[in-house]
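Because the structure is predicted, anything quoted here is derived from the model rather than measured. We count ligands from 1, going down the list as the structure has it; atoms in each ligand are counted the same way. Sequential numbering from 1 along the given sequence is applied to the chain's residues.
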Amino acid sequence: MSSKIIAGVLASGRGSNFQSILDKISSGELSLQIGVVIADKADAYVLQRAAAAGIPAVVILRQDYSSKEAFEQALIECLQAHKVELLVLAGFMRILSSQVIRAFPEKIINIHPSLLPSFPGLQAQKQAIDYGAKYSGCTVHFVDEGMDSGPIIMQAIVEVAEDDNEASLAAKILEKEHEIFPRVLQLYVQGKIAVQGRQVKILK
Ligand code: GRF
């Protein structure tokens with residue numbers, strides 16, 4: 001049996017992206033092992049999903065640490081203890097500082113519900129509606145020290161209908177998220193993602 005890359009998942013909430021990753025692993029379309037799921041909220045639904053799948057789930061709360069640095073050190077130690085090689089941010093609502101980025105260089109991947117660089121940060125779907133964008137979508141990207149600013153790996157587009165609201169747009173985008181996030185992770189484990197500065201190429 002060939003050994004699989006071990007991923008750690010950081011999430012803050014419902015974990016539907018995490019579930020889509022698990023589903024693709026189950027169907028054999030994604031050849032990845034999830035070593036641990038870490039949530040920064042004790043009631044995050046993602047924890048139940050992890051438990052149901054028999055995956056180690058850990059809660060690490062910012063308020064239990066005196067500084068962001070100490071909190072992130074705890075994250076890093078937990079990830080290392082689970083032998084994590086790839087860090088997947090699936091709805092993790094915090095910006096990671098350079099100590100985490102340095103611990104996993106070019107090995108942290110995030111999904112954001114807009115076509116970056118438009119609408120980074122919180123409430124991306126609302127931002128798109130308020131702005132009057134005709135198209136939006138989602139972006140899978142490597143994480144750097146900025147907010148949603150790292151090199152773009154893949155994007156998917158949805159049309160913003162005139163009667164869309166934040167919730168309906170979020171639902172449309174989420175469908176695309178569930179398609180492209182596992183696809184990118186499979187390309188990653190296959191060694192098909194090449195990064196040069198901001199340019200990301202998908203190798204044949
Ligand atoms: C998704 O919209 C994702 O793009 C954003 O946070 C949300 C997480 O949703 N980063 P879920 O927890 O995966 O259901």
At what distance is the nearest protein heavy atom to [atom], and which residue and atom is it?
| atom | answer |
| --- | --- |
| atom 10 (N) of ligand 1 | Ile111 O, 2.9 Å |
| atom 12 (O) of ligand 1 | Gly15 N, 2.7 Å |
| atom 8 (C) of ligand 1 | Gly91 CA, 3.6 Å |
| atom 13 (O) of ligand 1 | Asn17 N, 2.8 Å |

Spatial distance of atom [atom1] ([X]) from atom [atom2] ([Y]) [nearest 0.5 Å]:
| X | Y | atom1 | atom2 | value |
| --- | --- | --- | --- | --- |
| Leu86 | Glu106 | CG | CD | 12.0 Å |
| Leu79 | Ile60 | CG | CD1 | 7.0 Å |
| Glu72 | Leu75 | CD | CG | 6.5 Å |

Worksheet item: Between Asp40 and Arg94, is there a side-chain N and carboxylate O pair less than 4.0 Å apart?
Response: yes
Discussion item. Just so I know, are the side chains of Asn110 and Val88 near enough to count as touching, which here means a heavy-atom distance under 4.5 Å?
Written reply: no
Worksheet item: Under a 4.5 Å cut-off applied to non-hydrogen side-chain atoms, are His141 and Leu116 in contact?
Response: yes
Worksheet item: Considering only heavy atoms, which of Arg14, Glu177, Gln19 lies nearest to atom 1 (C) of ligand 1?
Response: Glu177
Worksheet item: Got an N/O contact under 3.5 Å between Ser16 and ligand 1?
Response: yes
Worksheet item: Near Pro113, which atoms of ligand 1 are under 4.0 Å from a heavy atom of that residue?
Response: 2 (O), 4 (O), 5 (C)
Worksheet item: Where on Met93 is there a heavy atom closer than 4.0 Å to ligand 1, on the side chain, on the backbone, on both, or on neither?
Response: neither
